[in-house]
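All remarks here apply to the structure that follows.
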Amino acid sequence: MLTYALVVFAIGALGGLGLATFVLRGRLAPWALSLLHAALGAVGLLLLIYAALTTSIPGIATAALIIFVIAALGGFYLASVHLRGVVAKRAVVLVHAGAAVIGFLTLLVAVIGTH
């Protein structure tokens with residue numbers, strides 16, 4: 001289950017890179033890309049939560065879950081900014097992306113450690 005979550009997060013990260021390029025150029029990203037990124041993040045998070053509730057996952061995977069929840073909270077904030085038709089501040093985007101990358105790398109370590 002952890003591996004599936006990792007793959008979903010990796011695909012979602014590609015969408016996040018696309019979104020970031022818009023913001024860094026001072027433009028609003030397309031809604032379709034934002035929704036796809038959010039959906040992939042939500043699915044990855046749900047897979048991770050499911051694994052945590054139904055199996056014995058390593059502590060580092062639990063840490064990744066907590067970090068991804070923090071990244072998701074930042075993502076909700078960014079979506080609210082986008083809904084208002086405003087380009088998000090670069091610093092907020094970078095903090096969200098940084099948390100997601102740290103969560104991804106933490107989950108990667110957990111997956112490698114279980115194989």
Side-chain angles (χ1 to χ4, degrees):
M1 192 66 61
L2 295 180
T3 303
Y4 294 134
L6 187 69
V7 169
V8 171
F9 282 129
I11 296 167
L14 296 175
L17 284 172
L19 291 170
T21 61
F22 279 92
V23 172
L24 295 176
R25 290 183 287 159
R27 298 175 49 207
L28 278 176
W31 259 112
L33 183 57
S34 295
L35 292 175
L36 179 63
H37 175 68
L40 288 166
V43 169
L45 198 53
L46 288 172
L47 287 170
L48 202 46
I49 291 168
Y50 180 77
L53 294 175
T54 61
T55 64
S56 176
I57 64 172
I60 193 160
T62 303
L65 172 59
I66 293 166
I67 295 166
F68 276 124
V69 167
I70 293 167
L73 292 172
F76 287 131
Y77 172 76
L78 289 169
S80 74
V81 171
H82 195 163
L83 270 172
R84 289 178 271 166
V86 177
V87 177
K89 295 186 180 189
R90 291 177 182 176
V92 177
V93 171
L94 293 175
V95 168
H96 167 69
V101 167
I102 292 168
F104 182 84
L105 293 175
T106 305
L107 184 58
L108 179 63
V109 169
V111 169
I112 290 171
T114 60
H115 291 305

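Keep in mind that what you see is a predicted model, and the values were worked out from it rather than measured.
When all heavy atoms of Ala51 and Met1 are compared, the pair lying nearest together is CB-CG, 3.6 Å. Closest approach of Ala20 to Val93, counting heavy atoms only: CB-CG1, 4.3 Å. Across every non-hydrogen atom of Phe68 and Phe104, the tightest pair is CZ-N, 3.3 Å. Smallest separation of non-hydrogen atoms from Gly18 and Leu33: C-CD2, 4.0 Å. Taking all atoms of both residues into account, the shortest heavy-atom contact from Arg90 to Val23 is NE-O, 4.2 Å. Here the closest non-hydrogen pair linking Leu19 and Ala29 is CD2-CB, 3.3 Å.
Ile102 is not connected to Val69 by any chain of hydrophobic side-chain contacts under 4.5 Å among Ile, Leu, Val, Met, Phe, Trp and Tyr, and they are in different clusters. Hydrophobic cluster membership is shared by Val86 and Leu28, with clusters built from Ile, Leu, Val, Met, Phe, Trp and Tyr side chains linked at under 4.5 angstrom. Side-chain heavy atoms closer than 4.5 Å link hydrophobic residues (I, L, V, M, F, W, Y) into clusters, and following such links, possibly through other members, connects Tyr50 to Val43.
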* Asked: Should Leu40 and Leu36 be marked as a side chain to side chain contact (heavy atoms under 4.5 Å, CB included) after you check the CA-CA gap, both sets of side-chain angles, and the distance that decides it?
  -> CA-CA 6 Å; Leu40 288 166; Leu36 179 63; 4.0 Å; yes
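With respect to Leu2, the side-chain contact (heavy atoms from CB on, under 4.5 Å) criterion is satisfied by exactly one of Thr55, Leu107, Leu108: Leu107.
Distance CD1/Ile112 to OG1/Thr3: 10.0 Å, rounded to 0.5 Å. If you take CG on Leu48 and CD1 on Ile57, they are separated by 5.5 Å, rounding to the nearest 0.5 Å.
No more than 12 heavy-atom neighbours from other residues, nucleotides or ligands sit within 6.0 angstrom of OH on Tyr4.
Leu45 is listed as a side-chain neighbour of Leu65, based on a closest heavy-atom distance under 4.5 Å. Side-chain contact between Val101 and Leu105: present, with at least one pair of heavy atoms (C-beta onward) separated by less than 4.5 Å.
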